[in-house]
Amino acid sequence: MEIIFSTLINGLSLGGIYAMIALGYTMVYGIAKMLNFAHGDVIMIGGYLIYVFMATKSPLLAIVLSVIGCVILGITIERLAYRPLRGASPLAVLITAIGVSYLLQSLAQIIFGSATKMVTVYDFGAIRLLGATIQISSLVTLAVTVVVMVALTLFIKCTRLGRAMIAVSEDRAAAQLMGINVNAIIAITFAIGSALASLAGLFYLLKAPAVSNTMGAMPGIKAFTAAVIGGIGSIPGAMLGGILLGMIESISYKITAIAPYTDAIEFLILIVILLVKPSGILGKVRREKV
């Protein structure tokens, strides 16, 4: 019983991290209609910023400054790299996104070196629940993830800015004719996604207190996988895909026979879901107007 409970908690907390990253992917795709493959590297930058600002001896201040730094980075990437390509082909934008990803990794390696940096943000300790030893950091991750997801959903549905995002997502030209500043909406979307990536970086450091220039590569790919599984462009889909992927990973690691093939299993499930429902579990097939 305790093994099942601990696996459940670990799967939900890991899935929450994937969901937070996937939300950045899905919001940018839903509103700007582009895939920001540099998004995973914002996690890495957030980790390094926490590493730098931990010199203040205040974990809370380091986290806040990391979030602010990642928001500025996200807005800068959108303004300098993606906005000039707004009318370009999807292939050109995709190649640019990959280039930005490698640029961030290379800059991090030049500045901080290739050696892994150890970062201890805060030790929450562990507690016993239902006979299982549960890391409090996992419960904190799960709780913050739920709060963030609820807040983001309410923000999108209940605020004027959120409705403007929906309008830009549905029809960018019509939204602009209605007086919505499309450039500002897309920049805000990048800012929100980057803030979520920074928090995801924090939660990764709570699980494994080490940061390197490739820290965000695999989490970024898995979060993108989660977004596609749930339905790229769908906020509930990103949440569902992240939780599903986290649970699959947690269960697979507990089964010795299949633990080495966990990544392969996750991507195989992605292929199967796309074969059955190409738009993802909660994705909608959009008809193109001609």
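Values below: all heavy atoms of this structure, side chains included; hydrogens, waters and symmetry mates excluded. What you see is a predicted model, and the numbers here were worked out from it, not measured in a lab.
Note that CD1 of I180 is 9.0 Å distant from CZ of R160, once rounded to the nearest 0.5 Å. Rounding to the nearest 0.5 angstrom, the gap separating the CZ atom in R172 from the CZ atom in R86 is 5.5 Å. To the nearest 0.5 Å, the span separating CG on N36 from CG on D41 amounts to 9.0 Å. Residue L104 holds its CG atom at 13.0 Å from CD of Q109, rounded to the nearest 0.5 Å. One distance of note links CD1 of I281 with CD1 of I273; it measures 4.5 Å at 0.5 Å rounding. Remark: I110 CD1 to Q105 CD distance equals 12.0 Å, nearest 0.5 Å.
Here the side chains of E266 and D263 are in contact, with some heavy-atom distance below 4.5 Å. Counting heavy atoms from C-beta outward, N181 and I185 have side chains that stay 4.5 Å or more apart. For the pair L161 and F155, the minimum side-chain heavy-atom distance is below 4.5 Å. Looking only at side-chain heavy atoms (C-beta outward), P90 and M34 stay at 4.5 Å or farther from each other. Side chains of L206 and V121 form a contact here, defined as non-hydrogen atoms less than 4.5 Å apart. Looking only at side-chain heavy atoms (C-beta outward), M239 and I243 stay at 4.5 Å or farther from each other. Side-chain contact check for M247 versus L8: some heavy-atom pair is nearer than 4.5 Å. At a threshold of 4.5 Å between non-hydrogen side-chain atoms, the residues T7 and I251 count as touching.
Judged by distance alone, the side chain of H39 and the main-chain N or O of G220 form no donor-acceptor pair under 3.5 Å. The closest donor-acceptor contact from the side chain of S169 to the backbone of G30 lies under 3.5 Å. A donor-acceptor pair under 3.5 Å is absent between the side-chain atoms of S101 and the main chain of A97, judged by distance alone.
L23 approaches L152 most closely through the heavy-atom pair CD1-CD2, 3.8 Å. Between M149 and G16, the closest heavy-atom pair is CE-O, 4.2 Å. Contact between A210 and L205 at its shortest, heavy atoms only, is O-CD2, 3.6 Å. Across I229 and G241, no two heavy atoms sit closer than the pair CG2-CA, 4.5 Å. Among all heavy-atom pairs drawn from P84 and A81, the shortest one is CD-C, 4.0 Å. Taking every heavy atom of both residues into account, S138 and N10 meet most closely at OG-OD1, 3.8 Å.
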| request: Take N213 and F112 through the test side chain to side chain contact (heavy atoms under 4.5 Å, CB included) and record every step on the way to the result. | output: CA-CA 8 Å; N213 67 311; F112 298 101; over 6 Å; no
| said: Show, in sequence, the C-alpha distance, side-chain angles and deciding distance for I50 and V211, and conclude whether the side chain to side chain contact (heavy atoms under 4.5 Å, CB included) test is met. | reply: CA-CA 10 Å; I50 291 177; V211 59; over 6 Å; no
| Y82 and I186: CA distance, side-chain angles, deciding distance, side chain to side chain contact (heavy atoms under 4.5 Å, CB included) verdict | CA-CA 10 Å; Y82 299 144; I186 293 177; over 6 Å; no
| task | Output, in order, the C-alpha distance, side-chain angles, deciding distance and verdict of side chain to side chain contact (heavy atoms under 4.5 Å, CB included) for K207 and I17. | result | CA-CA 11 Å; K207 281 182 171 294; I17 296 175; 3.9 Å; yes
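A continuous path of hydrophobic side-chain contacts links L73 to Y102 [ILVMFWY only; heavy atoms under 4.5 Å]. Hydrophobic clustering of Ile, Leu, Val, Met, Phe, Trp and Tyr side chains at less than 4.5 Å, counting indirect connections, keeps Y253 apart from Y261. Under a hydrophobic clustering in which Ile, Leu, Val, Met, Phe, Trp and Tyr are joined whenever their side-chain heavy atoms come within less than 4.5 Å, directly or via other members, I111 and L65 fall into the same cluster. M215 and M118 end up in different hydrophobic clusters when Ile, Leu, Val, Met, Phe, Trp and Tyr side chains are linked at under 4.5 Å. Residues I68 and M44 do not share a hydrophobic cluster, defined by chaining ILVMFWY side chains whose heavy atoms lie under 4.5 Å apart.
For F203, the CZ atom is densely surrounded, since the number of other residues' heavy atoms within 6.0 Å is greater than 12. When the shell of 6.0 Å around OH of Y48 is examined, it contains more than 12 heavy atoms from other residues, nucleotides or ligands.
With a 4.5 Å cut-off between side-chain heavy atoms of Ile, Leu, Val, Met, Phe, Trp and Tyr, the cluster of I95 takes in L91.
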Would you mind writing out the side-chain donor-acceptor pairs for residues 191-199 within the sub-3.5 Å range, not counting sequence neighbours?
from: S194; atom 1: OG; to: F190; atom 2: O; distance (Å): 2.9
from: S198; atom 1: OG; to: S66; atom 2: OG; distance (Å): 3.1
from: S198; atom 1: OG; to: V67; atom 2: N; distance (Å): 3.4

